[in-house]
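These notes are about the structure you will find just below.
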Amino acid sequence: MLLLDLLLMLLIAYGFGFLYYGLYRNLSARVHGRFGPSLAQSFSDSIKLFVKEESTTFGWMFYLGPVIMASGAVLNVLFIPFLNQGESLQGLSSYGNLIVVLYLMVLGPLGNALGVGSSGNPFGVMGVTRGLTRLLALELPFYLAAIGVMIDAGSADFGIIMQAQSTQSNMFAHPLLFAAAFISFLGFMGKSPFDVVGAPQEVYSGPATEFSGKFLALLMSQSAMFSFAKLLLMVNLFWGGADHLGELVAKTFVLFVAATFIGSVYARFSTVQSVEFLIRIPTLLGIVGLALL
Amino acid sequence: MDEGFIPYQQSLEDEEQSIKSTQSVIEQAIAWFRAHSMFVLAYGTGCGAIEMPPTFTSRYDIERLGVVGVATPRQADILIVSGYCSPKTLKRVIRSYEQMSEPKYIIGLGSCTINGGMYWDSYNTIKKLDDFLPVDMYVNGCMPRPEALIEGFVKLQEKIRANSSEAGYIQYRTRYAHYRANQERLFGTQVQPRYEENFAGMNL
Amino acid sequence: MFHFEATLLAHLFFGLSLLVILPLLRRRDLVLHLLLLLSLGILFYASSLATLFIGWEMMGWSSYFILASSARVATLQRYILFNLGGAFALLGAIALLYGFMGSLEYRDIDASLLPPWAMNAIALLLFVAVFVKSGIIGLHDWVVDSYSEATPLFSAILSAILSKAGIYLFIVMFMVLLKEGATEPLLFEIMAWLGVITSIVATFKAISQDEMRRLLAYSSIAQIGYIITILALMQGFALEAALYHTLIHTLIKLLLFMNIASIIAITQKERFSELGGMIYHAPVLFLLLVIGIIALAGMPLLGGFNSKFLIYTALLEEKRALLLGAVMFSSASAFLYCYKLVYGIYLGQRPQEASLHVSPKSYYLPQLLSAALLVLLALLPSLPVGYLSVIGVELGFAPLDDSNLFILQSAFGSFHGGALMGAFGVAFVALLGLLQLAHSKAKKVKDPLDISYCGEVPRSETNLHFGYGMGYELHRISFIAPLLRHHSRVLWDRLSLIASDFSALLSSLYSLSAQHVTLLALLLFTLLLLGGQ
Ligand code: SF4
């Protein structure tokens, strides 16, 4: 039963992840005044990459990098409950809590960074360095917001955090914390203006430079699932979770569209700019929000 | 025998008609996915490159066909060589092509890749790209309009779906000695590492 | 009145010392190492302040002599000066206590009799001793220099166990002997913030180092900073978190320093800029280091997460939101130096082929041991909790829940180590299988230089390992650059300049001519006369 539940969660995350990915390309095409590709385009891309005749590898660590990254994404999906009540779609959330998930979110990228480094391509490492440097500042506002939420609910447990919002969601109870977390969230989603990591004009493709064929396919699939997990996290922490699947889809969709629209109109920050921006504005918001708690 | 661009292009198109589906369902599905998701490494070697940005952006929006630009050869399926190549550029083009993973295709954009175009008597550009790398699709014109390039992509899609054994990358593998000899004649002692040596590695 | 000898606590610390020092005993400086072990025993099992002080001093001296075989003179001077300063502060505190209690025995000490000013003075003096030993920022110069100049084995001892002496002193003094004392809470508040500021600054400094052991030294300072912060809460669960982190940190630092010792033995190099690409020469060492850094970064799936979790929940329980934010910031920044450590040594391209030696087999034992323990602790996170809880009970705190070894409990939630490991394992195997079954065949490049490099063909002399310079960007970030720039050594240099000026003045008194002396004496005499009137 639990196993079925877990598989269902993964399937939902995979499906919606790719749907949102396709939607993102479509929506941003509309913002640019284009038609854009079909909704399933990203999915076809990943399948095509899986069936390429060959993929280049540089040794066992390079091979394992994407696997670790994808396992991290799977774990993230499994440890965040999809619904705020009932037995189903809870996954393994009772075995972990918010702090575990916050750390799991970094586990995958760190594992992948090992693979990137072992390829010996300097561009890959430049991308990783940019990512980690940006991460310094990216996590801080989100952590502050999460701390506020945890202290408010008196627990790091997802169920309790969502229950605490049954009368009023955290977004309205702590608007400053929400603002701080939302700006961080944009960065976590890799959207502009925080997409300096793989800037093709500067560092080739950053961390993805050497990944081809099935490795790239795995990375694409995990990134789709991972972004769904991030949406879930925001919904659970600030919008009180969802009662049923329909509500979940609606809430993640709204959040996703907001992120897409913001992402498609901003120009890219350089690494230093994004760190400075993130430490100035959202961190201050977070600190004030905590002070008002 | 007829020579020149039009008969050659004609022959390519005829071939494609002749290969009727002897493929299994799975092969057809794979071919469909390959044809509908094309990652392009756009190598702006010559002036024709100027027509690529409009092809990729709002005006002509080639992303509708599933064509996206990527930055590194590892991820690319299609290499666009846009125009004339000096030997120095050609070295990089060859290197990039060899680093792409199969199946991979080349689009030669502009007359210069076909027969030298307006650089036909230049002492420092190659005349015929196909001598050095297997070109799958030519788009002629000087410079070709984005519509022509899109047409080229559509033709290439058909070719990919036909999944012919005549595809360029198979040619390059089987007739490597021929291409290599031409490359060596051009580059002299400064040749690139050998393709087979790069990829003689075992499966992991 | 206390009739308490914190034996379990002493067992814990001495056990850790044995775990670290015994496998590292070598013919070289054997006696000194044994002396060091003895001094640690005296320190931890002392039952009077006098013994404690003797142990503290012996530890300082014996480590000084071991260090003397490899370090520069300036480093040695710094080492001894700072440690003497700390010891004097400790002596001052003990003297003050003796003044009020009339005895040095632990059982005669009753802090509730101390007047507040005396208690605060004692606390301040003890803080100085603890801070010097733990290398709180500003007092950290000696730590970094001595770690990087000691022999590779001795830096493991220094970082893994000697850096914990300050922690032990704090626990014994403030949580056992002076628990009832009326220490000003503000002092602890300051201490908590000092700890976390130390950890942030040290983390950034670690990121910008080029020498492996200097990086690890700053990382030790940062980790000890967390422990100081959490101890300053003066709570039972905080004590447990601090002890857990002490345990984990000892294991991690033993593993990492021994790993680096192996690398130094293999390559004879100490800098990231000269290393790189060792992964396929030493895959086992690489895996061990990866275990170490994942634990150091505090990721789940390895023991490092457990103590981080306890630290965070302890801070949450005290509702110290900003302090926790700062701790989490510092711990997130640590990812950067963790990656730099593994990248600089093992990943990237090998710079110019140099001759490689073999690492002594005996270096593997401590590494394997700590790696195994770290994995075990990840699976059974509550394993040490029972023990730590008994220590807490001995010190008068409430017991903690360790009913299920797989589950680490805290007031703010719990997690199941087995479930995490299991889920990750299953996902990993499944995905690996998927990748193997994929239609696409993996082809391994034959020449490691066959990277996609903008169409270029790099040659073996091309420097592709410039990734070791990661962290350089920090110098351009306006918030961080000042932290990296203002070196505390400037302060100490200035102080030493003033001191030497002053002593030059004093010494000039002795070399004056007879006339000047008479003149001065007259002047003094007149002044005295005037003053008398
Ligand atoms: S075909 Fe014409 S436009 Fe294209 S590169 Fe040659 S000269 Fe330039």
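Basis for what follows: all heavy atoms, side chains included, without hydrogens, waters or symmetry-related copies. Chain letters run A, B, ... following the sequence lines, proteins first and then strands; every chain starts at 1.
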Evaluation steps, side chain to side chain contact (heavy atoms under 4.5 Å, CB included), between A:Y103 and C:Y312: CA-CA 12 Å; A:Y103 266 86; C:Y312 294 166; 2.6 Å; yes
Atom group of A:V67 that falls short of 4.5 Å from chain C, counting heavy atoms: both
Smallest separation among heavy atoms of C:G325 and A:L140, with atom names: O-CD1, 3.9 Å
Nearest heavy-atom neighbours spanning A:N97 and C:S414: ND2-O, 3.1 Å
Plane angle bin for A:W60 and C:F286 - parallel if under 30°, tilted between 30 and 60°, otherwise perpendicular: perpendicular
Interface residue of largest heavy-atom contact number with chain A, from C:V426, C:T203, C:L464, under 4.5 Å: C:L464
Atom group of C:Y346 that falls short of 4.5 Å from chain A, counting heavy atoms: neither
Student check: side-chain heavy atoms of C:D450 and A:T56 closer than 4.5 Å: no
Residue, of A:L75, A:T129, A:L98, that accumulates the most heavy atom pairs under 4.5 Å with chain C: A:L75
Stepwise side chain to side chain contact (heavy atoms under 4.5 Å, CB included) test for A:L64 and C:L432: CA-CA 8 Å; A:L64 294 185; C:L432 191 61; 3.8 Å; yes
Side chain, backbone, both or neither of C:Y453 within contact of chain A (heavy atoms, under 4.5 Å): both
Stepwise side chain to side chain contact (heavy atoms under 4.5 Å, CB included) check, A:T133 with C:I207: CA-CA 10 Å; A:T133 312; C:I207 296 168; over 6 Å; no
Top contributor to chain A contacts, counting heavy-atom pairs under 4.5 Å, from C:Y339, C:F406, C:F305: C:Y339
Portion of A:F58 that has a non-hydrogen atom of chain C nearer than 4.5 angstrom: both
Proximal component of A:E53, with respect to chain C [non-hydrogen, under 4.5 Å]: both
Rounded distance [0.5 Å steps], CZ in C:F335 versus CG in A:L132: 9.0 Å
Spacing of A:M126 atom CE and C:M470 atom CE [to the nearest 0.5 Å]: 11.0 Å
Structural part of A:L107 lying under 4.5 Å from a heavy atom of chain C: both
Side-chain heavy atoms of A:P122 within contact of C:I451, under 4.5 Å: yes
Toward chain A, the part of C:F428 with a non-hydrogen atom under 4.5 Å: both
Side chain, backbone, both or neither of C:K308 within contact of chain A (heavy atoms, under 4.5 Å): side chain
A:L135 portion near chain C, given a 4.5 angstrom heavy-atom threshold: side chain
C:L315 portion near chain A, given a 4.5 angstrom heavy-atom threshold: neither
Heavy-atom pair count under 4.5 Å with chain C, highest-scoring of A:T283, A:V116, A:L104, A:L6: A:L104
Segment of A:V106 engaging chain C (4.5 angstrom heavy-atom cut-off): both
Contacting moiety of A:S119, where chain C heavy atoms sit under 4.5 Å: backbone
Region of C:C454 that comes under 4.5 Å of a non-hydrogen atom in chain A: both
C:I407 versus chain A, the contacting section by heavy-atom distance below 4.5 Å: neither
Residue selection (most heavy-atom pairs with chain C, distance under 4.5 Å) from A:G96, A:G213, A:G154: A:G154
Part of C:L449 within contact of chain A (heavy atom distance under 4.5 Å): neither
Heavy-atom proximity to chain A below 4.5 Å, by part of C:L437: neither
Contact origin within A:L144 toward chain C - heavy atom pairs under 4.5 Å: side chain
Top contributor to chain A contacts, counting heavy-atom pairs under 4.5 Å, from C:L420, C:V342, C:L434, C:I279: C:L420
Derivation and outcome, salt bridge (charged side-chain N to carboxylate O under 4.0 Å, His left out), residues A:E54 and C:K443: CA-CA 7 Å; A:E54 54 181 36; C:K443 291 203 170 168; 3.3 Å; yes
Beyond-backbone contact of C:L435 with A:Y63, side-chain heavy atoms, under 4.5 angstrom: yes
Point-to-point distance, once rounded to the nearest 0.5 Å, from NZ of C:K319 to CG of A:D152: 9.0 Å
Reported OG-to-CZ distance for the pair A:S270 and C:R476, which is rounded to 0.5 angstrom: 7.0 Å
Toward chain C, the part of A:N121 with a non-hydrogen atom under 4.5 Å: both
Region of A:L102 in contact with chain C, defined by heavy-atom distances below 4.5 Å: side chain
Per-residue contact mode, A:F50 against chain C (heavy atom under 4.5 angstrom): both
Separation between CD1 of A:I160 and CZ of C:F412, rounded to the nearest 0.5 Å: 9.5 Å
Which atoms of C:V290 approach chain A - backbone, side chain, both or neither, heavy atom under 4.5 Å: side chain
Chain A contacts, top residue of C:G277, C:P283, C:G298, C:G413 (heavy-atom pairs, under 4.5 Å): C:G298
Criterion side chain to side chain contact (heavy atoms under 4.5 Å, CB included) on C:L322 and A:I147, from CA distance to verdict: CA-CA 9 Å; C:L322 289 183; A:I147 290 168; over 6 Å; no
Pair C:F329 + A:Y143: ring centers closer than 6.0 Å: no
Segment of A:L290 engaging chain C (4.5 angstrom heavy-atom cut-off): side chain
Residue, of A:L218, A:D157, A:V128, that accumulates the most heavy atom pairs under 4.5 Å with chain C: A:V128
Proximal component of A:M150, with respect to chain C [non-hydrogen, under 4.5 Å]: both
Heavy-atom check, side chain of C:F204 versus side chain of A:L136, under 4.5 Å: yes
Pairwise distance CG(C:L431) to OG(A:S71) - rounded to 0.5 angstrom: 5.0 Å
Pick from A:L78, A:L92, A:V74, A:T271 with the largest number of heavy-atom pairs that fall under 4.5 Å of chain C: A:T271
Residue pair A:I99 / C:L316, side-chain heavy-atom distance below 4.5 Å: yes
Contact check, side chains of C:K444 and A:F62, non-hydrogen atoms, under 4.5 Å: no
Beyond-backbone contact of C:Y343 with A:L114, side-chain heavy atoms, under 4.5 angstrom: no
Considering all heavy atoms, the nearest C:M299-A:L110 contact: CE-CD2, 3.7 Å
Under 4.5 Å from a heavy atom of chain A, the part of C:Y280 involved: side chain
